[in-house]
Structures are given as C-alpha cells and as structure tokens.
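Have a look at the structure below before the remarks.
Along the sequence shown, residues carry numbers from 1.
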Amino acid sequence: MRAAALVVLMLCGLALAACDDETTPVPKGKVVAMQGNGKLPAWLDIRDAMEPALWLRSREMGRPVLATDPEVDRLRRALRQAAERFIEEPRMIANRTAQTGDLLAEAGDREQAVDILTGMIDVADATRHKQIYGVLCQHYLNLRKSGMDRSAALARLVASYKAQNNL
C-alpha cells in the first residue's frame, strides 16, 4: 500500500513538473533578476550576481530595464570611473548611490543615479588618493540638507578636498 502511494505521489510530481505555466515572455537582452515577490531587491547583496548599473537603472525606473538601455551604459561608465577613485566595490557604490538618491528624493530633491555618481567622481578628482564613497555621499547630503543646491554643494566639496590635499 505504501509503495503504491509513493508511486502515485511521484507520478503526480512528474506530471506537475511537466506542466508548462504561461508566463510573460522575457524581453531579449539581460534584465535584472526579480525577487520572489516580483519586486526589485532594495539593495544589492554580496551574493547577488546582478550588474550594479542595470540594477540602479531598474531601481530608478521602478521596473526591470534592458541591458541595452543607454542610461545603463552611462551608469556602467560612471561605475567604472568610480571604482578607480573609491575604495568600495561597484556593488557598494551602487547601493550608496541608491541610498543617496532616496534621501535626496525624501527631501524633495530628485537626482538621477548617474548624476550622483558623476558628481562624486568630480569631487574625488580633487584629491590624490582613493576616497571612501560613503563618506563623500554623506558630506554631500549634509550640504544639501543645509540648503545648498547641487552645484554649490559639489563646488564646496571640491574646494574642501583640494584644500585638504594642497592641490
């Protein structure tokens, strides 16, 4: 009796495995992996194999985007430049950029991820050594919170870092 029940259970399992569920077709090109709940992950985890540029753009758009999106390419270039200037890995730089963007948006000042990245790269170029991206973002957020606009905050940071490095 047990053997018959086991065989029936196995056959049911095979039948279910053979069923073809009707899912929406995936667009051609690499897309961001979604979580089981159908949402983008809030942050890139160290175990995530997602490309940081693709994740950042998808997060910014609120939906998965194709790897061929021109803005993804701009983010790729900016992340490569950032990786040369900061001690963090691109995954952490992407997470901190997303966090900075979220905090700016909460204050009513939306900035695109690529603009945040390029602004921090410009500040890092005012120094001789690799910087800590998270610290730079925090300085920027503090200046923005004090009432400075984007240009003024970045100019203040560049001047400050140049003075610290005697450049």
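- The shortest side-chain heavy-atom distance between R74 and P70 does not fall under the 4.5 Å cut-off.
- Residues E71 and V114 meet the side-chain proximity criterion, which asks for heavy atoms closer than 4.5 Å.
- Within the structure, ring pair (Phe, Tyr, Trp, His ring centres under 6.0 Å) contacts touching residues 88-113 (residues at least two apart or in different chains) do not occur.
- In terms of heavy-atom proximity, A124 sits nearest to R85 at CB-CB, 3.9 Å.
- V72 is linked by a side chain to side chain contact (heavy atoms under 4.5 Å, CB included) to A53, L54, R57, V65, D69, R76, counting only residues two or more places apart in sequence or in another chain.
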Take L154 and M120, measure what side-chain contact (heavy atoms from CB on, under 4.5 Å) needs, and give me the verdict at the end. CA-CA 8 Å; L154 291 172; M120 298 304 110; 3.7 Å; yes
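- The shortest non-hydrogen separation linking P64 to S58 is CA-OG, 3.6 Å.
- Y133 pairs by the ring-ring contact (aromatic ring centres under 6.0 Å, His included) definition with F86, not counting sequence neighbours.
- Checked against salt bridge (charged side-chain N to carboxylate O under 4.0 Å, His left out), E111 has the following partners two or more places apart in sequence or in another chain: R144, R150.
- Within a 6.0 Å radius of NZ in K130, other residues, nucleotides and ligands contribute more than 12 heavy atoms.
- Between M50 and P41, the closest heavy-atom pair is CE-CG, 3.1 Å.
- Within the structure, ring pair (Phe, Tyr, Trp, His ring centres under 6.0 Å) contacts touching residues 88-113 (residues at least two apart or in different chains) do not occur.
- Sorted by first and then second residue, the salt bridge (charged side-chain N to carboxylate O under 4.0 Å, His left out) pairs involving residues 115-124 (not counting sequence neighbours) form an empty list.
- If you chain together hydrophobic residues whose side chains sit under 4.5 Å apart, I121 and M92 never meet in one group.
- Side-chain contact between L44 and P52: present, with at least one pair of heavy atoms (C-beta onward) separated by less than 4.5 Å.
- Atoms OG1 and CG, from T127 and L157 in turn, are 11.5 Å apart once rounded to the nearest 0.5 Å.
- To the nearest 0.5 Å, atom CD of residue Q131 and atom SG of residue C137 are 12.0 Å apart.
- Every salt bridge (charged side-chain N to carboxylate O under 4.0 Å, His left out) that R77 has, sequence neighbours left out, goes to D73.
- Counting only heavy atoms from C-beta outward, the side chains of H139 and S160 never approach each other to under 4.5 Å.
- Pairing each heavy atom of R110 with each of A105, the nearest pair is NH1-CB, 3.3 Å.
- Annotation: side chain to side chain contact (heavy atoms under 4.5 Å, CB included) contacts of M148 (sequence neighbours excluded): L143, S146, A152, A153, R156.
- Residues L104 and L117 fall within the same hydrophobic cluster, defined by Ile, Leu, Val, Met, Phe, Trp and Tyr side chains chained together at heavy-atom separations under 4.5 Å.
- The nearest pair of heavy atoms linking A98 to W55 is CB-CH2, 3.7 Å.
- Y161 places a side-chain heavy atom less than 4.5 Å from the side chain of L136.
- With sequence neighbours excluded, the residues forming a side chain to side chain contact (heavy atoms under 4.5 Å, CB included) with N142 are Q138, listed by chain and number.
- A continuous path of Ile, Leu, Val, Met, Phe, Trp and Tyr side chains, each step under 4.5 Å between heavy atoms, connects I93 with W43, placing both in one hydrophobic cluster.
- Not counting sequence neighbours, E89 has no partner by the salt bridge (charged side-chain N to carboxylate O under 4.0 Å, His left out) test.
- Here ring pair (Phe, Tyr, Trp, His ring centres under 6.0 Å) pairs that include residues 59-85, with residues two or more places apart or in two chains, number zero.
- From L79, atom CG reaches atom CG of L56 across 6.0 Å, with rounding to the nearest 0.5 Å.
- Under the salt bridge (charged side-chain N to carboxylate O under 4.0 Å, His left out) criterion, R59 pairs with D102, not counting sequence neighbours.
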